[in-house]
Amino acid sequence: MATSWADSVAASEKVETQFSSEQAYQPRLARPTYVPPHLRSRPPSSGSPAPPSAATPAANDRGSYGGPPAGARSAGGFRPDVGRSGYVAAGGWNGRSGGWDRGRDREVNPFPDTDGTEQGLIEQENAVINFDAYEDIPVEATGDNVPPPANTFAEIDLGDALNLNIQRCKYVRPTPIQRHAIPISLAGRDLMACAQTGSGKTAAFCFPIISGIMYGQYVQRPRGRTAYPLALILSPTRELSIQIHEEARKFSYQTGVKVVVAYGGAPINQQLRELERGVDILVATPGRLVDMLERARVSLQMIKYLALDEADRMLDMGFEPQIRKIVEQMGMPTRGLRQTMLFSATFPKEIQRLASDFLSNYIYLTVGRVGSSTDLIVQRVEYVNESDKRSHLMDLLHAQRENGVHGKHALTLVFVETKRGADSLENWLYANGFPATSIHGDRSQQERELALRSFKSGRTPILVATDVAARGLDIPHVAHVVNFDLPNDIDDYVHRIGRTGRAGKTGLATAFFNENNSSLARPLAELMQEANQEVPVWLPRYASRSHGGGRNRRSGGSRFGGRDFRRESSFNRGTDYYGGGYNSTGHGISAGYGAYGVYGAGVTSAWE
DNA sequence: AAAAAAG
């Protein structure tokens, strides 16, 4: 099954016809009896009926992957190597061939090839993390009986299958967020976690979920057309859901835990068929999930784990009613009966308050400074009038080209405020000879995925984007983020610039500022100051021109991305809220400055 | 006010 719709859209018609008749009669290879998830990847002990389409190669592997011969399946089991050479020939190192082989119940190896070809080397380069940059990271955990952090994956011991996948991902040590969040999750605790962009949040919530599903005992799920996932991961954009699904598939490879993705803009039938074949972890955007819930094709009754990625966005004005409906009105077990984990790089107090409705006796965890890998990102602010923005951007791009930074692996991400603005800037850049594409909510899903892929691969090294691309997307080699139009919210700025400076690499963020952005002047100046960035002398002068600037100020203190709102509420008394490293039960693990070990060069870890 | 998310 293709991970992304655009990957398979060309082949989808073929698949539709091929399976439409099958759908009603043999929708899945049913498990007649309960099989523990960690045993599910074993070859079938008795001869299950051969799928009628076994002779047809996977139609969604972008043509050049012919797949193994039909007979390969009957050999049973999973073969990590199968399809590798075809994978490379397919050419896209970012285009995953996708999950489970339709009709064969055989799991396709989701790991990139690293056999010395160009693509392999790129992946290897990506995997090298600069860990030195993350040593002096402040950590704060508050709540009852906070489990202590773990220093190594071995210490965490997620089981053989998961450990193998950690190795395949070339993760050697857990990142700071993982060291703290994973033990908390494994202890069954609810969690609200605030960690730098690009610091490995996806793995932090995926590992405990997968492990929990593998080793947990669950009653057999009902058969039929309704899918009963055990875990639900929600994210605010389709592309982010696709990305989380891709990551989760790597982590769950050969564990027997099945991950399915559901998002809008793509044909729903294909996604429904995947669900029918069985799902343990469902990754979804809210709209499509609600659609499926209303069709009764998905039930949340068996949900044991709920994770909200970019949780503050999920609970902001636009999203909150929809999320509340999913979590509170669609049959999901109530808080306390499920485990809930909220992750984001930013967590405003008022959102924390909303979020606490979904949590039970949770631990609040903050790792890192002001919600960003700030030390790795050089931030610049330039005063540019609206009418000068285009020519100014062109100057920047020309300069990059002359400095040799404008290559296949030096990508530039340009953020604009509106969808129309994105279209028009893309066209203008293109007309002026710059290889640009764009992504925004008015483009078709096919176009969106195509644009992202074209950008990632370096074919169009300039991507003009609205905030649809501001959060969570992990795009290697983004060397420069340009805020052509600044956002109104400083948290959005944090997420945007977080598209660069990832995995320990350095990045540059340039913002075009003018009087229209006055409301951002103060929080931006403060943020830059905290990050040891050079603040232009003229920038704070605009702060006085904005009214109610306090509303946009960062919620946290200087060292942290945010604070546990419970510690500042009225029920808190005493004076040592900011005592640094104190938590309510005295099981202190917080404010560890470089206390968690030293990393050698070239050491890698799980990154977002 | 805009963007995102169902069709």
Side-chain angles (χ1 to χ4, degrees), chain A residues 4-5 232-245 261-272 275 282-298 308-327 329-330 344 346 348 351 386 413-426 438-449 451-452 463-473 483-496 499 512 514-520 546-548 551-552:
Chain A
S4 75
W5 178 44
L232 176 63
I233 300 172
L234 291 174
S235 96
T237 67
R238 297 163 181 175
E239 287 74 17
L240 186 52
S241 280
I242 293 168
Q243 177 181 301
I244 294 168
H245 174 243
V261 68
Y263 57 94
I268 196 170
N269 285 336
Q270 218 167 313
Q271 295 172 3
L272 289 174
L275 285 170
L282 177 58
V283 183
T285 48
R288 177 55 60 92
L289 176 63
V290 168
D291 189 355
M292 290 174 163
L293 288 167
E294 285 170 350
R295 297 181 190 214
R297 299 300 297 269
V298 173
L308 301 192
D309 200 10
E310 308 296 340
D312 59 331
R313 167 60 82 232
M314 303 299 282
L315 292 170
D316 79 4
M317 272 194 349
F319 265 125
E320 196 248 352
Q322 213 170 5
I323 302 303
R324 202 171 276 283
K325 177 177 182 177
I326 291 169
V327 176
Q329 293 159 29
M330 302 297 294
S344 183
T346 53
I351 303 289
E386 289 297 330
L413 181 51
V414 183
F415 282 105
V416 297
E417 197 58 19
T418 66
K419 294 177 277 199
R420 273 190 56 193
D423 278 336
S424 101
L425 183 58
E426 179 205 351
S438 72
I439 184 168
H440 61 71
D442 274 353
R443 302 200 75 190
S444 73
Q445 190 53 28
Q446 217 177 331
E447 291 170 328
R448 285 165 58 160
E449 291 178 31
L452 197 53
L463 180 66
V464 183
T466 60
D467 269 332
V468 69
R471 284 171 171 260
L473 295 186
N483 274 291
F484 188 88
D485 302 319
L486 272 163
N488 293 316
D489 186 331
I490 189 66
D491 285 345
D492 291 335
Y493 173 84
V494 168
H495 285 275
R496 285 181 177 186
R499 294 320 99 210
F512 295 175
N514 60 42
E515 54 277 345
N516 295 335
N517 311 114
S518 295
S519 71
L520 203 65
S546 84
H547 327 289
R551 255 190 44 204
N552 276 336

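Letters go in sequence order (proteins before strands), and every chain restarts at 1. Because the structure is a prediction, the values reported are computed rather than measured.
F319(A) has its CZ atom 13 Å from the C1' atom of dA2(B), to the nearest Å. Rounding to whole angstrom units, CZ of residue F484(A) and C1' of dA3(B) are separated by 18 Å. Here the P atom of nucleotide dA4(B) and the CE atom of M314(A) are 15 Å apart, to the nearest Å. Between Q322(A) atom CD and dA3(B) atom P the separation is 18 Å, expressed in whole Å. The distance between atom CD of E320(A) and atom P of dA5(B), rounded to the nearest whole Å, is 18 Å. With rounding to whole Å, L289(A) atom CG is found 14 Å from dA5(B) atom P. Across the protein-nucleic acid pair, D467(A) atom CG and dA1(B) atom P stand 17 Å apart, rounded to whole Å. Summarising the geometry, the separation between CG on D309(A) and C1' on dA4(B) is reported as 15 Å, rounded to the nearest angstrom.
Remark: R471(A) is not in phosphate contact with dA5(B), judged by side-chain N or O atoms under 4.0 Å from OP1 or OP2. Remark: T466(A) is in phosphate contact with dA4(B), judged by side-chain N or O atoms under 4.0 Å from OP1 or OP2.
Relative to the side chain of T418(A), the nucleotides dA4(B), dA5(B), dA2(B) differ in distance, and dA2(B) lies closest.
If you check every strand for non-hydrogen atoms under 4.0 Å, R238(A) touches sugar and phosphate atoms only. Backbone-only contact: G264(A) has heavy atoms under 4.0 Å from sugar-phosphate atoms and none from a base.
P236(A) and R313(A) get closest at one heavy-atom pair: CB-CG, 3.6 Å.
Atom CZ of R420(A) is surrounded by 12 or fewer heavy atoms from other residues, nucleotides or ligands within 6.0 Å.
Looking at N488(A), its side chain has no donor and acceptor atom pair within 3.5 Å of the base of dA2(B).
A donor-acceptor contact closer than 3.5 angstrom is absent between the side chains of T285(A) and S241(A). Between the side chains of Q243(A) and E239(A), not a single donor N or O lies within less than 3.5 Å of an accepting N or O.
Q271(A) places no side-chain N or O within 3.5 Å of a backbone atom of I268(A) that could act as its donor or acceptor partner.
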